[in-house]
Colleague: 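Below is a structure I'd like to ask you about.
Computation of the quantities below employed the complete heavy-atom set of this structure, encompassing side-chain atoms and omitting hydrogens, waters and symmetry-equivalent molecules.
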Amino acid sequence: QVQLVESGGGLVQAGGSLRLSCSASGLTFSRYGMGWFRQAPGKERAFVASINWSGGRIYYADSVKGRFTISRDNAKNTVYLQMNSLNLEDTAVYYCAAGGEGSNARLYNYWGRGTQVTVSS
């Protein structure tokens with residue numbers, strides 16, 4: 001019933017930008033904190049950013065702070081991740097998650113299937 005669908009991934013050159021979107025359905029979106037996580041092959045799933053229901057409380061991993069921006073549009077049931085100054089270490093599958101806040105993945109109840117981001121050169 002609950003569905004989170006990521007989009008916007010793809011191939012980008014180092015130094016470039018991408019914007020990821022996560023469209024939610026089957027839940028009252030405005031009541032849920034949302035997060036982004038990522039996982040590279042052979043690596044553990046890692047926290048990227050989170051945003052609470054109102055957008056007034058935001059957290060970033062140190063590795064992306066200053067480069068990535070998380071935002072949400074409750075009227076569109078969508079959370080975004082704007083990624084600038086991408087580097088090779090940003091290559092991963094990016095997952096959208098709902099129901100939590102902060103870096104602990106166990107706090108999130110729902111997960112999308114992921115979208116691949118590949119940074120070249």
Colleague: Is the shortest heavy-atom distance from the side chain of Ser30 to the side chain of Thr28 under 4.5 Å?
Modeller: yes
Colleague: Do Val79 and Leu107 sit in the same hydrophobic cluster, where Ile, Leu, Val, Met, Phe, Trp and Tyr count as joined when their side-chain heavy atoms come under 4.5 Å apart?
Modeller: no
Colleague: Just to verify, which of Thr91, Asp90, Thr115 counts as forming a side chain to side chain donor-acceptor pair (under 3.5 Å) with Arg38?
Modeller: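 That would be Asp90; it is the only one of Thr91, Asp90, Thr115 passing the side chain to side chain donor-acceptor pair (under 3.5 Å) with Arg38.
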Colleague: What I'd like to find out is whether the side chain of Met83 reaches to under 4.5 Å of the side chain of Val117, using heavy atoms alone.
Modeller: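 SC-SC contact between Met83 and Val117 confirmed.
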Colleague: Please determine if Arg45 forms a cation-pi arrangement with Trp111, meaning its NZ or CZ atom is less than 6.0 Å from the six-membered ring centre and no more than 45° off the ring axis.
Modeller: yes
Colleague: Do Val5 and Leu20 belong together in a cluster built from hydrophobic side chains that touch within less than 4.5 Å?
Modeller: no
Colleague: Locate the shortest heavy-atom distance separating Thr78 from Ser23; write the atom from each residue and the value.
Modeller: OG1-CA, 4.3 Å
Colleague: Do Val93 and Tyr108 belong to the same hydrophobic cluster, where Ile, Leu, Val, Met, Phe, Trp and Tyr are linked whenever their side-chain heavy atoms lie under 4.5 Å apart, directly or via other members?
Modeller: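 In one cluster with Val93: Tyr108, yes.
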Colleague: Mind checking whether Ser120 and Val12 have side chains closer than 4.5 Å, heavy atoms only?
Modeller: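 With C-beta onward as the side chain, the pair stays apart.
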Colleague: Other residues, nucleotides and ligands only: do more than 12 of their heavy atoms fall within 6.0 Å of CD on Gln39?
Modeller: yes
Colleague: What distance do Gln82 atom CD and Ser21 atom OG have between them, rounded to the nearest 0.5 Å?
Modeller: 9.5 Å
Colleague: Could you check if a side-chain atom of Tyr59 sits within less than 4.5 angstrom of a side-chain atom of Ile70, using non-hydrogen atoms only?
Modeller: no
Colleague: Enter the distance from Phe37:CZ to Ser103:OG here, rounded to the nearest 0.5 Å.
Modeller: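 It comes to 7.0 Å.
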Colleague: Verify the cluster assignment for Val48 and Tyr110: are they in a single hydrophobic cluster under the rule of side-chain heavy atoms below 4.5 Å apart?
Modeller: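 Same cluster: Val48 reaches Tyr110 through Ile, Leu, Val, Met, Phe, Trp or Tyr contacts under 4.5 Å.
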Colleague: Would Tyr60 and Phe47 count as a close aromatic pair, with their ring centres under 6.0 Å?
Modeller: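 Between Phe47 and Tyr60, which both carry aromatic rings, the centre distance is not below 6.0 Å.
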Colleague: Tell me the closest heavy-atom pair linking Cys96 and Leu4, and the distance in Å.
Modeller: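 Looks like O-CD1, 3.7 Å.
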Colleague: Kindly indicate whether the side chain of Cys22, heavy atoms from C-beta on, has any atom under 4.5 Å from the side chain of Tyr80.
Modeller: no
Colleague: Once rounded to the nearest 0.5 Å, what's the spacing between atom CZ of Phe29 and atom NZ of Lys76?
Modeller: 12.0 Å
Colleague: Identify the two heavy atoms, one from Ala40 and one from Ala92, that lie closest to each other, and give their separation to 0.1 Å.
Modeller: N-CB, 3.9 Å
Colleague: State whether a side-chain donor-acceptor pair under 3.5 Å links Asn84 with Ser17.
Modeller: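 The answer is yes; a qualifying pair exists.
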Colleague: When rounded to the nearest 0.5 angstrom, what distance separates OG in Ser121 from CG in Asn87?
Modeller: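 Interatomic distance, Ser121 OG to Asn87 CG, rounded to 0.5 Å: 11.5 Å.
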Colleague: So, Glu6 side chain and Gly114 main chain: donor-acceptor pair closer than 3.5 Å or not?
Modeller: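 Present.
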Colleague: Under a 4.5 Å side-chain heavy-atom rule over Ile, Leu, Val, Met, Phe, Trp and Tyr, are Met34 and Val2 clustered together?
Modeller: yes
Colleague: When rounded to the nearest 0.5 angstrom, what is the spacing between CZ in Arg57 and CG in Asn52?
Modeller: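 Taking CZ in Arg57 and CG in Asn52, the distance rounds to 4.5 Å.
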Colleague: To the closest 0.5 Å, what do you measure between CG (Leu86) and CG (Leu18)?
Modeller: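 It is 6.0 Å, given to the nearest 0.5 Å.
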